[in-house]
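First the structure, in the form of structure tokens, and then the observations on it.
Predicted, not measured: the structure shown is a model, and the values here were computed from it. FYI, side chains are in, hydrogens and waters are out, and symmetry mates aren't considered; it's all heavy atoms of this structure. Nothing fancy with the numbering, it's 1 onward along the sequence.
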Amino acid sequence: MTSHSEWGEKTSGLEVAEVYAQRVKGRNVLITGVAPEGVGEGTAIAFASQGPRILILASRTKEKLEAVAKSIRDLYPTVDVRTVTIDLASQASIREAAAEVIHMITELDILINNAGATYNSRRWTAERIEMQFGANHVGPFLFTKLLLPLLQAAARQYPAGATRIINLSSHGHRLSTIRFHDYNIENKEVPPEEKPFSPLAPAFSRVQDDGYMPTIAYAQSKTANILFSLYLQDHLREKGITSYAVHPGGVSSNLGREHDEEMADAIAKTSKFWKNVDQGASTTLVAALDPALDVPTDIYLADCHFFPSADYAKDLSLAERLWHLSEDLIGEKFDLE
């Protein structure tokens, strides 16, 4: 269990960072998906408040990155904030960004794979992978692979489990497992164990003319985030690195800016309390910093505590299948041995 039973959905990310200040001070932290008025910004500000050695913000849009970096420098002038542009829908961009990070630092203590996207119509990554699966999972999979030597270097300097990889997921993962027979979401026939949750709300069960199912695509990518953490946790334990997946909660942000009114209304009903971006960062901070999590006993957190995930998201055999599929999609092995 986590250390602070009194924390919950209204807990501030800034409060969590202050409590675990010694886990932040002097350490290198990298956060993806950082933009104004998003969970990434709330997460970055919370980390910055406690004096990390180097805080690296990575996202697709340079202007948005610089806006957050300026806010942090204004609030905390002594913090060394650096920015890296990365497009998680392009493996070439991911490789360039990783190379830039490797030139900045020799150790990475905490990697927050915060970036996420959701779309109402089909889009493709540069490699012709369905966009939500590609940008929400395959991109972070490759980025983590490329940065693993930095994480391993950090793990040699700190207590086992203090070096962490945090992947942002969602309770939406419960709507679909991994569709190994149809991961590009073309509405192909899949075996019963790969079919989505039923019944779905009408907005969530939409099928576009080309067979695309936007909500199922998003849900699949969020399941992938948990299974990715599960495999990392299982295989990196002996190397002093652990990983967790988190649901930030219902957060008032720009994530759903493409949703029409029907979809927005359906999503609004999924949460009784909508957080600001500071509150939305708190579970990420707990997952990244709580010393009680140095020795993993579970995988998925919400509202600052461990939370039950779908059974398929705890299945190590599915995590291994997804790992091999992801290796195929990046065209190389990601060996943790």
If you take all heavy atoms of [X] and [Y], which pair is closest and at what distance?
X: S326; Y: H137; result: OG-NE2, 2.7 Å
X: E107; Y: N28; result: O-ND2, 2.8 Å
X: L230; Y: A313; result: CD2-O, 3.9 Å

Do [X] and [Y] have side chains that get closer than 4.5 Å, going by heavy atoms?
X: L30; Y: R82; value: no
X: Y183; Y: L322; value: no
X: L232; Y: I241; value: no
X: K64; Y: P36; value: yes
X: L55; Y: Y76; value: no
X: R164; Y: D294; value: yes
X: I45; Y: D278; value: no
X: T125; Y: D87; value: no

Could you tell me whether a side-chain N or O of [X] sits under 3.5 Å from a main-chain N or O of [Y], the two making a donor and an acceptor?
X: D182; Y: N187; result: yes
X: Q233; Y: S243; result: yes
X: Q91; Y: E127; result: no
X: Q279; Y: N276; result: yes
X: T177; Y: E194; result: no
X: E9; Y: G249; result: no
X: R122; Y: N184; result: yes
X: K314; Y: I299; result: no
X: R128; Y: W124; result: no
X: H247; Y: H171; result: yes

Mind checking the [atom1]-[atom2] spacing from [X] to [Y]? Nearest 0.5 Å is all I need.
X: Y20; Y: D290; atom1: OH; atom2: CG; result: 3.5 Å
X: L285; Y: L14; atom1: CG; atom2: CG; result: 8.0 Å
X: T2; Y: H4; atom1: OG1; atom2: NE2; result: 8.5 Å
X: S309; Y: N225; atom1: OG; atom2: CG; result: 12.5 Å
X: I105; Y: I56; atom1: CD1; atom2: CD1; result: 4.0 Å
X: R179; Y: Q220; atom1: CZ; atom2: CD; result: 7.5 Å

Reference residue F141; test ring pair (Phe, Tyr, Trp, His ring centres under 6.0 Å); the match among Y231, F133, F334: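 Only one of Y231, F133, F334 forms a ring pair (Phe, Tyr, Trp, His ring centres under 6.0 Å) with F141, namely F334.
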
Linking I/L/V/M/F/W/Y whenever their side-chain heavy atoms sit closer than 4.5 Å, directly or via other members, would [X] and [Y] fall into one cluster?
X: Y300; Y: V251; value: no
X: I54; Y: V68; value: no
X: L65; Y: L147; value: no

Looking only at side-chain N and O atoms, does [Y] offer a donor or acceptor that is under 3.5 Å from a partner on [X]?
X: S221; Y: N136; answer: yes
X: E100; Y: H103; answer: no
X: Q132; Y: Y212; answer: yes
X: S282; Y: E15; answer: no
X: T284; Y: N114; answer: no

Tell me, yes or no, whether the heavy-atom count around [X] atom [atom1], taken from other residues, nucleotides or ligands under 6.0 Å, exceeds 12.
X: D209; atom1: CG; result: no
X: E18; atom1: CD; result: no
X: D311; atom1: CG; result: no
X: E238; atom1: CD; result: no
X: K10; atom1: NZ; result: no

Set of residues satisfying salt bridge (charged side-chain N to carboxylate O under 4.0 Å, His left out) with respect to E186, sequence neighbours excluded: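 E186 satisfies salt bridge (charged side-chain N to carboxylate O under 4.0 Å, His left out) with K188 only.
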
List the residues meeting salt bridge (charged side-chain N to carboxylate O under 4.0 Å, His left out) with R174, not counting sequence neighbours, and say none if there are none.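 Here no residue qualifies.
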
How would you list all residue pairs meeting salt bridge (Lys or Arg N to Asp or Glu O under 4.0 Å) that involve residues 213-231, not counting sequence neighbours?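 Sorted pair list comes back empty.
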
Assess the residue pair D315 and R321 against the criterion (salt bridge (charged side-chain N to carboxylate O under 4.0 Å, His left out)); give the C-alpha distance rounded to whole Å, side-chain angles, the decisive distance to 0.1 Å, and a yes or no. CA-CA 10 Å; D315 187 331; R321 284 185 70 188; over 6 Å; no

